[in-house]
Amino acid sequence: MKIDNIPMKLFYLAGIFLLFQCNPRLVKTFQSENYVVSDTVQTDPKAKEFILPYKENLDAMMDSVIGKSAKELNRAGRGETTLGNFVADIQKEYAEENFGFEVDISIMNNGGLRNNIPEGDITTGNIFELSPFDNYLYVLELNAEDVEKLAKYAVSKKNLGINGMYIESENNELTRFSVQGKPVEKGRTYLLAVNDYLATGGDQMDFLTDLPRKETSTILLRDFILDKIKAKTAEGEVIDAEIEGRQKLN
């Protein structure tokens with residue numbers, strides 16, 4: 001089709017050209033103002049009134065007592081600690097109860113435990129302070145070589161709570177280790193309960209990254225700690241843990 005001998009497509013091209021020529025140029029602009037937050041800032045009464053019911057409910061939940069501890073469970077020590085032992089123990093128990101198979105080793109990085117369990121009343125808030133991160137419970141499959149790497153790592157870093165594995169060292173070198181009181185057997189698979197942070201190479205545990213996963217759950221560390229403390233309390237237990245000589249590091 002032509003108009004006065006001019007091809008129609010030229011009109012289309014001219015139209016597109018004029019469209020872009022007429023459009024205003026977009027320029028990104030922004031404005032900002034800094035506010036200093038301090039005790040001098042006045043509380044908005046309406047905002048406070050709106051938030052108050054939620055705060056009261058949250059405070060009541062966090063202040064609720066879920067158990068009692070015989071003493072403070074803390075992270076004091078090189079490698080083995082009362083808190084690390086406690087969490088590694090209940091992690092193993094919880095994994096076995098919920099997955100339906102025996103776990104050989106359970107580990108917890110002491111750095112992942114951000115607060116202590118106080119002596120006396122234990123509240124929900126204490127456990128949220130202890131485990132503020134969304135770490136999930138995994139179970140990995142290890143062979144004899146992997147178990148030895150884990151033992152050497154524990155000796156080198158001195159930062160793990162451990163259940164199920166005994167280790168000794170001299171001058172920062174691994175001299176002896178066993179699993180469930182027995183020498184490690186070649187050709188056997190060992191199951192390790194661990195959080196997803198370590199399982200994906202956190203704290204320089206790269207040797208765990210490619211190991212087979214038997215379980216990759218969405219069970220949070222703090223949730224199973226809460227569940228186990230509540231269950232033990234319901235059975236009349238007082239929460240406690242000791243330094244038992246699981247790790248003799250020299």
Side-chain angles (χ1 to χ4, degrees), residues 66 73-117 122 124-143 146-167 177 179-180 189-232 239 241 246-247:
I66 59 171
L73 304 183
N74 58 50
R75 300 156 290 169
R78 297 169 66 247
E80 185 175 1
T81 68
T82 54
L83 185 58
N85 281 357
F86 173 71
V87 175
D89 290 354
I90 63 172
Q91 180 172 256
K92 180 180 187 296
E93 292 174 13
Y94 191 91
E96 291 177 340
E97 292 166 0
N98 285 269
F99 301 145
F101 49 75
E102 184 177 346
V103 170
D104 300 292
I105 308 167
S106 175
I107 63 172
M108 181 63 210
N109 53 316
N110 291 330
L113 304 173
R114 310 301 287 187
N115 209 344
N116 300 328
I117 292 179
I122 304 170
T124 298
N126 292 145
I127 305 308
F128 271 77
E129 293 170 353
L130 168 71
S131 180
F133 309 120
D134 287 348
N135 291 136
Y136 301 106
L137 177 58
Y138 280 20
V139 178
L140 310 185
E141 298 179 3
L142 281 64
N143 60 29
D146 300 323
V147 174
E148 184 173 0
K149 288 179 181 178
L150 177 59
K152 288 181 176 178
Y153 173 91
V155 167
S156 173
K157 300 299 182 180
K158 300 177 179 60
N159 66 345
L160 295 181
I162 301 176
N163 174 293
M165 182 169 67
Y166 171 78
I167 58 174
F177 69 103
V179 174
Q180 298 296 330
T189 297
Y190 294 87
L191 298 182
L192 170 70
V194 63
N195 62 61
D196 67 312
Y197 171 71
L198 298 182
T200 53
D203 280 4
Q204 301 177 16
M205 300 191 79
D206 299 334
F207 58 93
L208 298 181
T209 303
D210 296 325
L211 296 184
R213 269 70 170 140
K214 189 170 180 67
E215 290 287 347
T216 55
S217 81
T218 55
I219 301 168
L220 290 172
L221 172 64
R222 64 172 166 268
D223 285 349
F224 78 67
I225 295 175
L226 285 166
D227 288 349
K228 290 300 295 182
I229 291 177
K230 290 176 182 178
K232 289 178 181 296
I239 303 305
R246 302 177 186 185
Q247 306 178 53

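Computation of the quantities below employed the complete heavy-atom set of this structure, encompassing side-chain atoms and omitting hydrogens, waters and symmetry-equivalent molecules.
Atoms CZ and CG, from Arg78 and Asn110 in turn, are 12.5 Å apart once rounded to the nearest 0.5 Å. Between Asp196 atom CG and Leu137 atom CG the span is 9.5 Å, to the nearest 0.5 Å. Of the inter-residue distances, the one linking Ile127 atom CD1 with Lys230 atom NZ reads 10.0 Å to the nearest 0.5 angstrom. Distance CG/Leu113 to CG/Leu73: 10.5 Å, rounded to 0.5 Å. Between the CG atom of Asp146 and the CD1 atom of Ile105 there is a distance of 10.0 Å, given to the nearest 0.5 Å. Rounded to the nearest 0.5 angstrom, Met108 CE and Asn135 CG are separated by 6.5 Å.
In this structure, the side chain of Arg75 does not engage the main chain of Gly84 through any donor-acceptor pair within 3.5 Å. Judged by distance alone, the side chain of Glu215 and the main-chain N or O of Val139 form no donor-acceptor pair under 3.5 Å. Judged by distance alone, the side chain of Asn85 and the main-chain N or O of Thr82 form no donor-acceptor pair under 3.5 Å. Without hydrogens or angle criteria, Lys92 side chain to Val103 main chain gives a donor-acceptor distance under 3.5 Å. When atom types are taken as modelled, the side chain of Glu80 and the backbone of Arg246 share a donor-acceptor pair closer than 3.5 angstrom. Under the 3.5 Å distance criterion, the side-chain polar atoms of Gln91 are matched with a main-chain donor or acceptor of Ile107. Between the side chain of Arg213 and the main chain of Tyr138, no donor-acceptor pair closer than 3.5 Å is present.
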Please output the side-chain donor-acceptor pairs of residues 203-212 that fall under 3.5 Å, not counting sequence neighbours, one pair per line with the distance.
from: Asp203; atom 1: OD1; to: Tyr197; atom 2: OH; distance (Å): 3.0
from: Gln204; atom 1: OE1; to: Lys157; atom 2: NZ; distance (Å): 2.8
from: Thr209; atom 1: OG1; to: Asp206; atom 2: O; distance (Å): 3.1

For this session: Apply salt bridge (Lys or Arg N to Asp or Glu O under 4.0 Å) to Arg222 and Asp134, showing your working.
Result: CA-CA 8 Å; Arg222 64 172 166 268; Asp134 287 348; 2.7 Å; yes

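Counting heavy-atom neighbours within 6.0 Å of Lys158 NZ, excluding the residue itself, gives a total above 12.
With sequence neighbours excluded, the residues satisfying side-chain hydrogen bond (donor to acceptor under 3.5 Å, both in side chains) with Tyr166 are Glu168.
A cation-pi arrangement is present between Lys214 and Phe101 under the rule of less than 6.0 angstrom and at most 45 degrees off the ring axis.
Across Ile219, Leu221, Ile225, a single residue satisfies side-chain contact (heavy atoms from CB on, under 4.5 Å) together with Tyr94, and that is Ile219.
Minimum interatomic distance between Ser217 and Tyr136 (heavy atoms only, all atoms of both residues): O-CB, 3.4 Å.
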